[in-house]
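Lettering of chains follows the sequences in order, A, B, ..., and the numbering in each one begins at 1. Computed over heavy atoms, backbone and side chain alike; hydrogens, waters and symmetry mates excluded. As the structure is a prediction and not an experimental result, all values here were calculated from the model.
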Amino acid sequence: MNTYDFSAIEAKWQKHWEEHRTFRALGPGDDGFDPKKPKKYVLDMFPYPSGKGLHVGHPVGYIGTDIVSRYARMRGYNVLHPMGFDAFGLPAEQYAIETGTHPRVSTEANVANMLRQLKACALSYDWDREVRTIDPEYYKWTQWIFLQLFHSWFDPSVEKARPIAELVARLEKDDVRLDGGEVVSKSDDRFASLRAWSEFSTAEHHAALGRFRLAYIDDVPVNWCPALGTVLANEEVTNEGRSERGNHPVYRRPLKQWMLRITAYAERLLQDLNDVDWSEALKLMQRNWIGRSEGARVRFPVVGADREVEVYTTRPDTLFGATYMVLAPEHPWVDELTSADRKADVDAYRKTAAHRSELDRQADTKEKTGVFTGGYATNPVNGKQIPIWIADYVLMGYGTGAIMAVPCHDTRDFEFAQKFGLPIVPVVVPTDEWLLEQVATGAAPEGVGSSAGAGGGAGAGPDALRAAYLESPTSFQVAFTGHGKGIHSKNDEVSLDGKETPEAKRTIVAWLEGKGIGRGEVQFKLRDWLFSRQRFWGEPFPILHGPDGEIRAVDESDLPVVLPEIEDYKPIPNDDPEQPPQPSLSRAKDSWKFVELDGKKYVRELNTMPQWAGSCWYYLRYLDPRNDDVFVSPEAEQYWMSPNGVDLYVGGAEHAVLHLLYARFWHKVLFDLGHVSTKEPFGRLYNQGYIQAYSYQDARGIYVDAEKIEEKDGKFFYEGEPVTRSLGKMGKSLKNSVTPDDVMEQYGCDTFRLYEMYLGPLDQSKTWNTQAIVGIQRFLQRLWRNFVDEESGALRVVDETPDEEMLKLLHKTIHGATDDMDGFRFNTTIAKLIELNNAWVGRPSLPRVVADAMVRMLAPLAPHVAEELWQRLGNESSVSRADWPVAEEQYLVDDEIEIVVQVLGKKRGTVRVAAGASQEEIQSAAMEVDTVKPHLEGKTVRKVIYVPGKLLNIVAN
RNA sequence: GCCGGAGUGGUGGAAUUGGUAGACACGCCGGACUCAAAAUCCGGUGGGAGUUGAUCUCGUGUGGGUUCGAGUCCCACCUCCGGCACCA
């Protein structure tokens, strides 16, 4: 083997690593584990093994984390770098249905294929720690964690989860009583009027506790798709209100579903984002999703009824401008508030609203609709009677499902009021900037304030504009929604006039609280997490339903509840949307479905968990994957997770919200209950960019095979016909997929890995171009020829010291490469190695000191060729456990340096000076440079700026 | 509409805190080797001016600004990508 034979080398070393279990991660309790070494937990996002296999875009992140892991090992860390498969879920089940195979069979085939592809990439995972969510040994603990949620409640007084048994004990002692979802202590005025726990029936006990448990059953509006026989996530529903798969109608209707009380953690999920090292963009996405807003709840008494409608507003300072109210069509009090003569209209409106899907409703944001109920409420700040409407621009799911409408200072209310002729009263004075901007955009009425009309160039003055606005706000075509000073906002007890918005808010909230008609409140957009599906391919719930409304957890000792075998795992479709869903598990045998315990007959919960469940905690199972007694041992958990959780978590930005929010939520519950030692799971998170590829469409718009495109003069042709080019994700449908299998067959794994990294920075989207890969291939071949004589196969490495210049290059390369590796800039690391290698091309031999360092630096990036050369250099152990080279300071400094000479900021020449030269010396030398001199002639030097070691700028004029 | 991110040669990209714009690579051009081709090696390669050369000049999406000096900072705008979207 004299030439660079990548297939032989790669096969040899992959076999070697597997046989020697080179990348086994030793942890607490393992023989040979060294607890004195620092640890690094490097994690890839849990992949879903799809039937399509990987394309070259998928491994980018995996190669990146692999390089980080290999580098960390060489820097003396104990590295945990595991991989596994998130294999439950709809796509696998749908694929299984289409192909008529059992989901387990198709899933396992997909896993096997993906495993093969991953292993071909030489990723240094500890495969002994592989987990799969579909294994009962794994989902036993998913079920166990679900039970932790079920058995816990969020105690707002300490802002953490506690065992619900503690609450029950206090209820049984009658220390506390329940007011809906609130725990009321003896000292509270309400206590005496509330029923004691002992007066509750069994069913009431369960219902009452359900309002506290972190996992609970509730009637919630969901996307119900009768044809598919399941509820769907919002992402699975198209804009037309149909299912993405199969294009079946989807209905919005309330259904009894399992929910997880993630909203209890909203504040902590938001706050703790400050303590994690994630990109600001990603944190912002989570913050927006959680959607915290500060405002007030205010109660409006209904005229002629002993009722108060409660609204939530973020602008309590505009209360005096509330000229009508709007309830969501689904609001429970609509019937009661509707007058007899309005009933027909109201019913009709509610019916149409109910038939529109949520997305439908959100789609047309232009035209507001609504009807008057005939009812009136009293504005509590000024006693005015205002009409109550219903409209679908108010959502039942946010706030109280009712709003006070302030048309002058809210865009939606403004549009609605204009359409239905409701009064619009200004209560906040717009700022001058805003007023002038309205003139610029043409929203202000024409001619206002322009003293002499056109020609004079005199624009509308702010004073005139303000007067015009306050006189007639509708003459401006938009609402003023910003902050400003209050106006027309006072009653006998309180005045907001002249107060800036923040102060006005504080003033009115204090007044409302004093009067007992409202209070300040924080709201979140975040909703509780709908956690059940009616499909087969998921984790069964460890829950039994008793005959008297009892909801009983399966004993921990009886876990796992194994997914039963059923004859037909297809979903149970139903054309009638009014029929409740039939979970696939309802087809299980009675022996599975029914359980007798303590003389009672229970029915198993027949829903399954959604796909997110297994991926919410897999990073914990990797720490101790074969433990049958606990989900993770405290020793393993503390060693690998403390102090900041996963040290590096890499994945695509598509999981920015859902997975990362769900996993953080579970982790916090486990933290509160004492099962894990950190409050956040992922201390540092890094989003890798996507790999995009060009796709080509012919005249008909049909995608054509990207591999067969020919380019001529910047135009593209397929079989002679012109085609159009566009950039997009790689995929079969765009006919632009390139598989790692093909690339590796032609160029080898090392070239593939290097090229994927060389394409650009890890966090950026990059465009795949198979053509340019030869550059990397040539690099490895040149490298090989620097080490090995292709004629004889002899090593060209000699024990001699390179000259000073080459030593400097070597150590500067080590210095720079180390820096680049630390910053995940693998593209520039590779560029530096190429430069170092190029410097030796054409020389008769390669000094050992250079060869040694070069191989070490190459090891994390191109592990096979590095191992091979390492061995040829006479080493016996794996280069993957060798030390990363260290740059020697003495070679990083030059005796003589080149200083750039600028005149007035423009480069005019350079001077070579001794490294220690003073500014004066450099300056006088610089003035004499031939190319500099002419630029100084006849000018006076005003100032000289010297950037040490780099540049001298002479300011002369 | 709102919120993020990004625009640098023919191409992917480099320039870490404001300090030589274009490292490295692809492609292209020229040369060496060869009967020839491939591979390899050597040289060139942002635009314009300059007979060659030194050199000059323009140049990091557009237009302004700050600065001795701007790809980098500030303001306005354009384009592309991503997220959210009646959230009161």
Side-chain angles (χ1 to χ4, degrees), chain A residues 3 279-285 287-289 291-293 295 311-315 318 326 361-366 368 391-395 397-406 410-413 415-416 523-527 653-654 656-657 687 689-690 692 714 727-728 755 758-761 763-769 771-776 778-779 781-782 785 790 816 819-820 822-823 825 827-835 838 841-842 898-910 930-931 934 942-957:
Chain A
T3 55
S279 73
E280 276 310 309
L282 196 77
K283 288 190 193 184
L284 202 73
M285 273 195 241
R287 288 194 186 107
N288 290 342
W289 190 266
R292 186 182 195 275
S293 69
V311 303
Y312 176 74
T313 175
T314 54
R315 290 297 298 273
T318 62
V326 187
R361 217 166 118 162
Q362 289 169 4
D364 51 358
T365 54
K366 289 147 222 138
K368 296 267 179 303
D392 63 6
Y393 81 91
V394 174
L395 308 171
Y398 186 77
T400 61
I403 62 155
M404 63 172 204
V406 184
D410 181 281
T411 306
R412 295 150 300 174
D413 297 344
E415 288 166 6
F416 191 81
Q523 273 280 339
F524 296 94
K525 280 203 286 191
L526 185 68
R527 310 285 76 194
E654 71 272 20
V657 178
N687 284 120
Y690 298 105
Q692 298 179 305
L727 196 59
Y755 185 60
Y758 193 62
L759 233 34
D763 58 349
Q764 259 174 44
S765 283
K766 293 149 282 206
T767 308
W768 182 263
N769 174 15
Q771 260 185 14
I773 198 170
V774 294
I776 289 295
R778 287 174 194 158
F779 161 54
Q781 280 163 345
R782 274 199 303 273
R785 283 194 298 270
E790 286 192 299
D819 218 40
D820 287 348
D822 287 332
R825 294 183 298 271
N827 53 334
T828 51
T829 311
I830 296 166
K832 288 184 174 78
L833 293 178
I834 292 174
E835 276 185 277
N838 285 350
V841 170
E898 193 172 61
I899 303 284
V900 170
V901 184
Q902 293 185 337
V903 178
L904 280 169
K906 282 197 161 79
K907 183 190 169 190
R908 296 302 178 188
T910 58
D930 289 347
T931 52
R942 307 282 172 193
K943 198 172 165 189
V944 176
I945 288 127
Y946 178 54
V947 182
K950 287 206 159 172
L951 164 151
L952 187 87
N953 185 11
I954 302 165
V955 185
N957 57 11

Which sits closer to the 5' end of RNA chain B, A:Asn288 or A:Val841, going by the nucleotide each is nearest to? A:Asn288
For A:Asp819 and for A:Leu282, locate the closest nucleotide of RNA chain B by heavy-atom distance; then report the residue assigned to the nucleotide nearer the 5' terminus. A:Leu282
If you draw the axis of the six-membered ring of A:Tyr393, does the NZ or CZ of A:Lys368 fall within 45° of it and under 6.0 Å from the ring centre? yes
So, does [X] get its side chain near the phosphate of [N], meaning an N or O under 4.0 Å from OP1 or OP2?
X        : N     : value
A:Arg908 : B:U57 : yes
A:Asn687 : B:G82 : no
A:Asn827 : B:A14 : yes
A:Lys766 : B:G12 : no
A:Arg778 : B:C26 : yes
A:Tyr758 : B:A25 : no

Listed nucleotide nearest any side-chain atom of [X], set [options]:
X        : options             : result
A:Tyr393 : B:A88, B:C68, B:C86 : B:C86
A:Ile945 : B:C68, B:C58, B:G12 : B:C68
A:Leu904 : B:C3, B:C68, B:C41  : B:C68
A:Ala772 : B:C26, B:U57, B:C68 : B:C26
A:Arg785 : B:A14, B:C41, B:U20 : B:C41

Considering only atom [atom1], compute the distance from [N] to [M] and round it to an integer number of Å.
N     : M     : atom1 : answer
B:G63 : B:C26 : C1'   : 34 Å
B:U66 : B:C74 : C1'   : 7 Å
B:C3  : B:C75 : P     : 14 Å
B:G61 : B:G9  : C1'   : 15 Å
B:C2  : B:G69 : C1'   : 38 Å
B:C81 : B:G44 : C1'   : 37 Å
B:C41 : B:C80 : C1'   : 42 Å
B:A23 : B:U45 : P     : 10 Å

Tell me, do A:Asn769 and A:Tyr755 make a side-chain contact under 4.5 Å, heavy atoms counted? yes
Do A:Asp410 and A:Thr318 come close enough that some side-chain heavy atom pair is under 4.5 Å? no
May I ask you to verify whether the side chain of A:Lys368 and the base of B:C86 hold a donor-acceptor pair under 3.5 Å? yes
Rounded distance (Å) that lies between atom C1' of B:G13 and atom CD1 of A:Ile776: 12 Å
Sole residue of A:Val955, A:Asn953, A:Leu952 in side chain to side chain contact (heavy atoms under 4.5 Å, CB included) with A:Val944: A:Leu952
Between which residue ranges does RNA chain B form stems of three or more consecutive Watson-Crick or G-U wobble pairs, both distances under 3.5 Å? B:1-7 with B:78-84, B:10-12 with B:24-26, B:27-32 with B:40-45, B:46-49 with B:55-58, B:61-65 with B:73-77
